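Here the structure is laid out as structure tokens; the discussion comes afterwards.
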Amino acid sequence: MASTDIYLDHAATTPLAPDVLEAMTPYLTDRFGNPSSIYAAGRETRAGLDRARGMLANSLNCQAREIVFTSGGTEADNLAIKGVAWHHRLRGVGNHIITSAIEHHAVLHSAQFLEQFGFDVTYVKPDHDGLIQPEAVADAIRPDTMLISIMYANNEMGAIQPIAEIGKIAREHGVTMHTDAVQAGGTLDLDVDALSVDLMSLSAHKFYGPKGVGLLYVRRQTPILWQQSGGAQENNHRAGTENVAGIIGMSRALELAEAGRDEENQRLIALRRRLIDGLLGRVSGTRLNGHPEHRLPNNVNISFEDVEGETLLLNLDMHGIAASSGSACTTGSTEPSHVLSALGLKKTQVNGSLRLTLGKSNDEAQVDRTIDVLEESIIRLRRMAAATAD
Ligand code: PLP
């Protein structure tokens, strides 16, 4: 790896698995036919696309035709939220959307976009552990509610939401249910029936697949107005020549992730424990953000008193360690994390937070090195701050 020795930002993205690259390569070279072409080269590509769709449908426990390929999680979220909203606007029924205050910006900004057109949005707040309580969602439902969109797992502090319970509530009220499962792909169960969801977003680059490809699961009969006009691809649901190699890569990546899932999750949970215990035990003034148990196996989010997360990141980078101080999408912006703020953290706690997300390349030695570097950096930074204050 270039100048990063320890990569602890797997929630931002993951490296492409070698087996995934191998599966993709023929579709980037010899098998270049357009899957919509009727001659042999096109049919060959179409066959690969169909196989990938079938494998993904198997993982989601849905039918192949319920999968719509997209350019990633952001497009899938936009399509779900705007698609359902515009369908209702066209029919003049249902004007209210329920989502949460801790969603990814792909969901939050889609909801805010719709507010400009007169849609009403309720942003349900999480409890102090970052969990969205199903009762809070139930309480927000109104006669004109047409969509509930709650993420499966949070990208900043890893909280895993009770989607099956929320999905059941949505179903009882006849409200369409979407979940952004981008952080859950490859790690949590994606059975759309068990989750009681009508729409679900996934993105390949979060589970060792390629960037720029994802999918939206759309249950049959879901009221949705398709957003992209053009050719008849994706059953007339999303126009544009398919990202064939990307889709093949996504299906192989999910297949691989699911085959080794339980073992890898156990390994990550042990590493997570070691990292959390090491940091909370050795560094004073620390706080774990997000639920201690109901969280992604690879997610550690900690606030350190009297230090800036951004300064810590630079220190880590100088030691060849890559991490994040919030979601990658907000890096560079001066806005404090909306997720940690919604948990009720003080601004200083939000600004002193780090997100460390583990993955396949990490081991105990790397975790121990990270703890050593952080302990040393924090002690030094606090000493410097105290000296300047004197
Ligand atoms: N939703 C969540 C929860 C995410 O973490 C991300 C990416 O960070 C996205 C959506 C956007 O996915 P993509 O990068 O594929 O557009």
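First listed ligand is number 1; within each ligand, the first listed atom is number 1. As the structure is a computational prediction, the values presented were derived from the model and not from experiment.
- The shortest heavy-atom distance from Glu75 to ligand 1 is not under 4.0 Å.
- Atoms of ligand 1 lying under 4.0 Å from any heavy atom of Thr74, numbered from 1 in the order shown and given with element: 11 (C), 12 (O), 13 (P), 16 (O).
- For Glu376, the CD atom counts as densely surrounded, since its 6.0 Å shell holds more than 12 non-hydrogen atoms of other residues, nucleotides or ligands.
- By the 4.5 Å side-chain criterion applied to Ile, Leu, Val, Met, Phe, Trp and Tyr, Phe32 is assigned to no cluster and stands alone.
- Contacts of Lys211 with ligand 1, taken as heavy-atom pairs under 4.0 Å, are absent altogether.
- Contacts between Asp77 and ligand 1, counted as non-hydrogen atom pairs separated by less than 4.0 Å, involve the side chain only.
- By the 30° and 60° cut-offs, the orientation of the rings of His10 relative to Tyr7 is perpendicular.
- No salt bridge links Arg282 with Asp277; every basic N to acidic carboxylate O contact stays at or beyond 4.0 Å.
- By the salt bridge (charged side-chain N to carboxylate O under 4.0 Å, His left out) test, Lys211 pairs with no residue at all, sequence neighbours left out.
- Annotation for ligand 1: atoms under 4.0 Å from non-hydrogen atoms of Met151 are 3 (C).
- Residue-level proximity to ligand 1 for Glu103 is absent, since no heavy atom of it falls below 4.0 angstrom.
- At least one test fails for Arg53 against the ring of Phe69: distance under 6.0 Å to the centre or angle within 45° of the axis.
- Atoms of ligand 1 lying under 4.0 Å from at least one heavy atom of Gly72, given by number and element, are 15 (O).
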- Message: Applying salt bridge (charged side-chain N to carboxylate O under 4.0 Å, His left out) to Arg295 and Asp129, what does each step give before you reach the verdict?
- Response: CA-CA 10 Å; Arg295 70 188 302 135; Asp129 279 333; over 6 Å; no

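- Considering only non-hydrogen atoms, atom 13 (P) of ligand 1 lies nearest to Gly73 out of Ser71, Gly73, Ala184.
- Atoms of ligand 1 found under 4.0 Å from any heavy atom of Asn155, numbered from 1 in the order shown, are 3 (C), 5 (O).
- Annotation for His294: atom NE2 does not count as buried by contact number, only 12 or fewer foreign heavy atoms lying within 6.0 Å.
- Atoms of ligand 1 found under 4.0 Å from any heavy atom of Ser203, numbered from 1 in the order shown, are 13 (P), 15 (O).
- The contact set between ligand 1 and His205, taken as ligand atoms under 4.0 Å from a residue heavy atom, comprises 13 (P), 14 (O), 15 (O).
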